[in-house]
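I have placed the structure first, in the form of structure tokens, so that the comments after it can refer back to it.
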Number of protein chains: 2
Amino acid sequence: MIYSSELIKGTLKTIVLKMLEDNRKMYGYEITQKVKELTKDRIQLTEGALYPTLHALENDGLLTTETEYIGKRMRKYYSLSPSGKGKAKERVSELADFMETMKLLLDIQIKPA
Amino acid sequence: MIYSSELIKGTLKTIVLKMLEDNRKMYGYEITQKVKELTKDRIQLTEGALYPTLHALENDGLLTTETEYIGKRMRKYYSLSPSGKGKAKERVSELADFMETMKLLLDIQIKPA
DNA sequence: AAATATACATAAGATTCCAATGCATCCAAA
DNA sequence: TTTGGATGCATTGGAATCTTATGTATATTT
């Protein structure tokens, strides 16, 4: 199943924050690949959505960056700042709560973990 | 907890379709109240979002309408068309699947129903 | 040698939602 | 009895978010 793009809306920031919470330090392309892998190809982040989001999170002080070169190719690593760590927890828990609510609202049966 | 509005994005159409699937015939204001009630005030649909959505669904042939007057006050009832019924099931099941995926991605523990 | 993958980024446009506003009716309380 | 709150429709302007397309460049695989 491929999700209609509408569903992804509003969750991208949360996904990015969570990936960085789990992995400490990642670069953009790596995030797209990790998400693709973890979701078995169901969610494929587009670069046009991802990079602006990373920049916005950085602008908000939630991410810090460091640039590395692999050969001549640039890699821009992103990490959670202290406030980013707080924000990550906040966002994930908010989404979890929202999903609980949607489950009730839509009569959706969710398999236990 | 009040959800940051971003989360609602992408789910509004699904919510509306589901409400009409369960209730056969509803008017706009009734939908906002029902959703508010079912979610214990956590989701409050705004009119600026709801009405354009209802019109869009109607335009897509998923909803039919009938107007009634209660005294002098107009009421516009919305119902699922045959294709709307199919779409409702499709959307809800897509959202359920998406939530499963997000659960895995974000390590969220969901309580069993 | 060419195609694919890696890796960054921006721009134009569509979609979607919110906040604000407007109109009108009905009902309850002051 | 009149005033405020709830009911009920709707639109508009603007913000936010994502997609598609494009651009640049290097590395790897075929």
Side-chain angles (χ1 to χ4, degrees), chain A residues 2-17 19 25-37 41-60 62-63 65-78 91 95 98 102, chain B residues 2-17 19 25-37 41-60 62-63 65-78 91 95 98 102:
Chain A
I2 297 168
Y3 304 127
S4 73
S5 58
E6 288 173 59
L7 285 181
I8 318 287
K9 294 197 182 198
T11 60
L12 180 53
K13 278 185 186 166
T14 306
I15 290 173
V16 169
L17 290 171
M19 290 302 104
K25 163 174 158 179
M26 298 180 91
Y27 53 98
Y29 186 78
E30 188 185 10
I31 294 176
T32 66
Q33 297 308 300
K34 190 70 180 173
V35 169
K36 186 181 171 194
E37 176 202 330
D41 295 7
R42 286 194 186 81
I43 297 182
Q44 299 209 26
L45 304 185
T46 61
E47 291 157 306
L50 179 63
Y51 288 113
T53 295
L54 285 169
H55 300 160
L57 290 172
E58 187 185 3
N59 256 26
D60 289 348
L62 302 174
L63 303 185
T65 63
E66 41 184 318
T67 301
E68 253 182 40
Y69 279 87
I70 309 298
K72 285 183 182 173
R73 193 145 69 188
M74 186 179 73
R75 228 178 235 182
K76 199 165 165 189
Y77 279 100
Y78 292 88
R91 284 290 202 134
L95 183 52
F98 178 69
M102 289 301 289
Chain B
I2 297 170
Y3 305 125
S4 74
S5 58
E6 287 172 60
L7 286 181
I8 316 287
K9 295 196 182 198
T11 60
L12 180 52
K13 277 185 186 167
T14 306
I15 291 173
V16 169
L17 290 171
M19 290 302 105
K25 164 175 158 179
M26 298 180 91
Y27 52 98
Y29 186 78
E30 189 184 9
I31 294 175
T32 66
Q33 297 308 301
K34 190 70 181 174
V35 169
K36 187 181 170 194
E37 176 203 329
D41 295 8
R42 285 195 188 80
I43 297 182
Q44 298 208 27
L45 304 183
T46 61
E47 291 156 306
L50 179 63
Y51 287 112
T53 295
L54 285 169
H55 300 159
L57 290 171
E58 187 184 2
N59 256 27
D60 289 347
L62 303 175
L63 304 185
T65 62
E66 42 184 318
T67 301
E68 254 182 40
Y69 280 88
I70 310 298
K72 285 183 182 171
R73 192 144 72 187
M74 185 180 75
R75 223 177 241 180
K76 199 163 165 191
Y77 279 100
Y78 293 87
R91 284 290 203 134
L95 183 50
F98 178 70
M102 290 300 289

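Note that the coordinates shown come from a computational prediction; the quantities given were computed from them, not determined experimentally. All heavy atoms count here, side chains included; hydrogens, waters and symmetry mates do not.
Per the geometry, CG belonging to B/Leu12 stands 16 Å off P belonging to C/dT15, to the nearest Å. Following rounding to the nearest Å, B/Leu50 (CG) and C/dC18 (P) show an atom-to-atom distance of 10 Å. Between B/Glu30 atom CD and D/dC9 atom C1' the separation is 14 Å, expressed in whole Å. Taking atom CD1 of B/Ile43 as the reference point, atom P of C/dC18 lies 11 Å away to the nearest angstrom. Rounded to an integer number of Å, the gap from A/Ile31 CD1 to C/dA7 C1' is 13 Å. In this entry the distance linking CG of A/Leu54 with C1' of D/dC18 reads 14 Å, nearest Å. The distance between atom CD of B/Gln33 and atom C1' of D/dT7, rounded to the nearest whole Å, is 9 Å. Per the geometry, CD belonging to B/Glu68 stands 18 Å off P belonging to D/dT7, to the nearest Å.
With contacts defined as side-chain heavy-atom distances shorter than 4.5 Å, the pair A/Arg75/A/Thr67 does not qualify. Using a 4.5 Å cut-off on side-chain heavy atoms (C-beta onward), B/Glu66 and B/Tyr77 make contact.
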**Full working for side chain to side chain contact (heavy atoms under 4.5 Å, CB included) between A/Phe98 and B/Ile43** = CA-CA 9 Å; A/Phe98 178 69; B/Ile43 297 182; 3.9 Å; yes

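Scanning all heavy atoms of the two residues, the minimum distance from A/Arg91 to A/Gly10 falls at NH1-O, 4.4 Å. Heavy-atom minimum distance, A/Met26 versus A/Met19: SD-O, 3.7 Å.
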The contact string for nucleotides 20-30 of chain D, one letter per nucleotide 5' to 3', using protein heavy atoms under 4.0 Å with B, S and - for base, sugar-phosphate only and none, comes out as B-----BS---

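At least one side-chain nitrogen or oxygen of B/Tyr51 sits closer than 4.0 Å to the OP1 or OP2 atom of D/dC9. Close to D/dT17, at under 4.0 Å from its OP1 or OP2, lies no side-chain N or O of A/Thr53. Distances shorter than 4.0 Å separate some side-chain N or O of B/His55 from OP1 or OP2 on D/dT11. Proximity of A/Lys13 to the phosphate of D/dA16: no side-chain N or O atom is located under 4.0 Å from OP1 or OP2. OP1 and OP2 of C/dC8 both lie 4.0 Å or more from every side-chain N or O belonging to A/Tyr27.
For A/Glu58, the side chain to side chain donor-acceptor pair (under 3.5 Å) criterion is met by A/Thr65, not counting sequence neighbours.
For the pair A/Lys25 and A/Glu30, the salt-bridge criterion is not met [side-chain N within less than 4.0 Å of a carboxylate O].
Note on ring orientation: taking the six-membered ring where Trp is involved, the planes of B/Tyr78 and B/His55 are tilted (angle from 30° to 60°).
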Between protein and nucleic acid, restricted to nucleotides 1-3 of chain D and to nitrogen or oxygen atoms under 3.5 Å apart, what atom pairs and distances do you find?
none

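Atom NZ of A/Lys13 is separated from atom CG of A/Leu57 by 6.0 Å, given to the nearest 0.5 angstrom.
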